[in-house]
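Worksheet: one structure, shown below.
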Amino acid sequence: MRNFYLYNTLSKERELFKSITPGVVGLYVCGPTLYGDPHLGHARPAITYDILVRLLREIGYRVRYVRNITDVGHLEEELGNGEDKVLKQAKVMQLEPMEVVQHYTLRYHHAMQQLNTLPPSIEPRASGHITEQISLVNSILKQGYAYESNGSVYFDVEEYQKKHNYGRLSGRTPDNMLSNTRALEGQEDKRSPFDFALWKKAAPEHIMRWPSPWSEGFPGWHLECSAMSAKYLGDRFDIHGGGIDLLFPHHECELAQNTASRGDGGVNYWMHNNMITINGQKMGKSLGNFITLEELFSGKHPLLESSYSPMAVRLFILQAHYRGTLDFSNNALAAAQKGYRRLIRGAKEYKSLKFVEGKGSKELALLAEESFTALCDDLNTPIAVAKLFDALKVINLAKEGKLQLTFEDRENLDTLFNLILTEILGVVEEESSVGDDKLVGSLVDIVLKIRDEAKAQKNFEVSDLLRADLTKAGIEIKDTKEGTQWRVVENE
RNA sequence: GGUACCCUGGCCGAGUGGUUAGGCGGCGGUCUGCAAAACCGUAUAGAGCAGUUCGAUUCUGCUGGGUACCUCCA
């Protein structure tokens, strides 16, 4: 099995990956809270962990990929009169909370499919695991790391700190937090400002509620991931992923909950993807500067100069390393869109080239190896993609007859374009939305036949007129050696 | 204020103590009736100051600028 290296947030180092059980990987990723349409920000973790899963499977692991859906307990503020996000949206839409979640879940799944991400093995919902969460609260209480107060249950950070280390994941210690915690209302129930809720007593108007030993209420947000990861992956599993914005408090609290209930952090590798920024600022629902994926694919957003296809978005994300921020811009997306077209064209074209017997070029073998190695080095997708562009150059030279490829070369090209580009990077050919319309196709062919006739008679006035009119109608003409080609221009 | 991170050519974005990142755009060329497309080639870097070093974009320090988290956020 190939070596795979992964940066671990817990150790702050790039480590050689070793699974707990040979040949098997348990992966848990914090999924979205579905109270709105999926946006560009959601695409980043989805694609990052998709690459991780595809690569691990390619290396030879069986991967169980669990990604949750948060449908309860995610409050707009942890303290005071924070409203549940789902509940708030349900009021706006005048729907049952679960209708809201269902509505956005379907839209999320659709967008993820367009981006060609593989579905998780299990996609559990917080609301479906209330009993597991209640029993988790019970075991934390039993260990003495939580207390009940006025129907709610809070995690006792101070008590936990006596034996363990709250802050070891995020580097945030209770000491420096204490001096910097703002005074907020509604925390009378808590002993200490950095204690966090495990169970919250529901206010009368809060309709998402479940019975518990302490009150009718709902689970704290951090609880679901601890409960569901343990249920489906065991008390100890390999990789826990999520956005870096979840590092604190969400993952720190999760780690503390795991340790408090089972004496062990439970996770070997913590992995965090960075954010997509817009004009250098984080793109987020709460900041109101986000672009939904639907808007991106259709081009309908004031910030967009054009529409960008799902695969262009995918390549855009892959051309940056997952741990760095990635800045959105029309130029960058357009660059990805064009690069995507070139790569896909090359991936198709090399297959119809003539190959001969003999030794292959060292260059292609090296590119294939370097590309794969880069992926195994903490998912260095930008390097892997760069090698593909290098290989594209070789294909183009061979196409022009300036280079003769062998069957050995062909194998390396298969590694680069079938295995790496298609299978691991998940970049595939998109179907043209209009190109397969038969009627349009035959009509364009008729017009082009007339134009060819005019060209043959050197009647360029007519041929140029036809070309101009077709262009105006959204059909782009290319005169190549093999005859005239056309395609529908998708944008307005 | 605390903690962490970042500053690369017109834009996006990598690796690296000495040797080409890559993409887009620009420029030059091939092809073409012309154009577009496609293809080939190519120029332009690493915030500022100081230090370590034979040599720094890469290591160290300082200064400047920016971002994230500290309330929910992928």
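Here the structure is a predicted model, which is why all the values come from computation and not from measurement. In the text below, chain A, chain B and the rest are named by the order of the sequence lines, each starting its count at 1.
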**Request:** With P as the reference atom in both, quote the distance from B:rC11 to B:rG48 in angstrom, rounded to an integer.
**Result:** 15 Å
**Message:** Quick check on B:rG46: syn or anti? Syn means the glycosidic torsion is within 90 degrees of zero.
**Reply:** syn
**Request:** Measure from OH on A:Y49 to C1' on B:rA74 and round the result to the nearest Å.
**Result:** 9 Å
**Fill in**
The residue, A:Q319 or A:F460, whose nearest nucleotide of RNA chain B is more 5′ is A:Q319
**Request:** Would you kindly check if the NZ (Lys) or CZ (Arg) of A:R67 is within the cone defined by 45 degrees around the ring axis of A:Y49 and under 6.0 Å from the six-membered ring centre?
**Result:** no
**Fill in**
Testing B:rG23, B:rC39, B:rA74 for proximity to the side chain of A:A335, the answer is B:rG23
**Out of B:rG33, B:rC12, B:rG22, whichever nucleotide has its closest atom nearest the side chain of A:A386** = B:rG22
**Message:** Under 3.5 Å, is there a donor on one side chain and an acceptor on the other for A:S192 and A:E158?
**Reply:** no
**Prompt:** Do the side-chain N or O atoms of A:K338 get closer than 4.0 angstrom to the phosphate oxygens (OP1, OP2) of B:rG25?
**Reply:** yes
**Asked** How long is the line joining CG of A:L379 and P of B:rG13, in whole Å?
**Response** 18 Å
**Item:** Distance between C1' atoms of B:rG22 and B:rG15 (Å, rounded)
**Value:** 11 Å
**Message:** What contact category does A:H250 fall into here, base, sugar-phosphate, or nothing, at under 4.0 angstrom with non-hydrogen atoms?
**Reply:** nothing
**B:rC72 to B:rA47 separation - C1' atoms, rounded to the nearest Å** = 34 Å
**Message:** Is A:R342 close enough to B:rC24 that one of its side-chain N or O atoms is under 4.0 Å from OP1 or OP2 there?
**Reply:** yes
**Message:** Other residues, nucleotides and ligands only: do more than 12 of their heavy atoms fall within 6.0 Å of CD on A:E370?
**Reply:** yes
**Request:** Take the angle between the ring planes of A:F196 and A:F155 and call it parallel below 30°, perpendicular above 60°, tilted in between.
**Result:** parallel
**Request:** Could you tell me whether the side chain of A:T9 and the main chain of A:W270 form a donor-acceptor pair under 3.5 Å?
**Result:** yes
**Message:** What's A:A320 touching, base or sugar-phosphate or nothing? Going by heavy atoms closer than 4.0 Å.
**Reply:** sugar-phosphate
**Asked** Is there a Watson-Crick or G-U wobble partner for B:rG1 with both distances under 3.5 Å, and if so, which one is it?
**Response** B:rC70
**Prompt:** Using atom P of each nucleotide, how far apart are B:rG51 and B:rA56 to the nearest Å?
**Reply:** 11 Å
**C1'-based separation of B:rG65 from B:rC27 [nearest Å]** = 33 Å
**Asked** OH of A:Y340 versus P of B:rG23: gap in Å, rounded?
**Response** 18 Å
**Fill in**
Taking for A:A336 and for A:C30 the nucleotide of RNA chain B with the nearest heavy atom, the one nearer the 5' end belongs to A:A336
**Asked** Expressed in whole Å, how much space separates the C1' atoms belonging to B:rU42 and B:rG23?
**Response** 16 Å
**Request:** Could you measure between the two C1' atoms, the one in B:rC49 and the one in B:rU16, and give it in whole Å?
**Result:** 24 Å
**Asked** Across the strands shown, which category fits A:I477 at heavy-atom distances under 4.0 angstrom: base, sugar-phosphate, nothing?
**Response** base
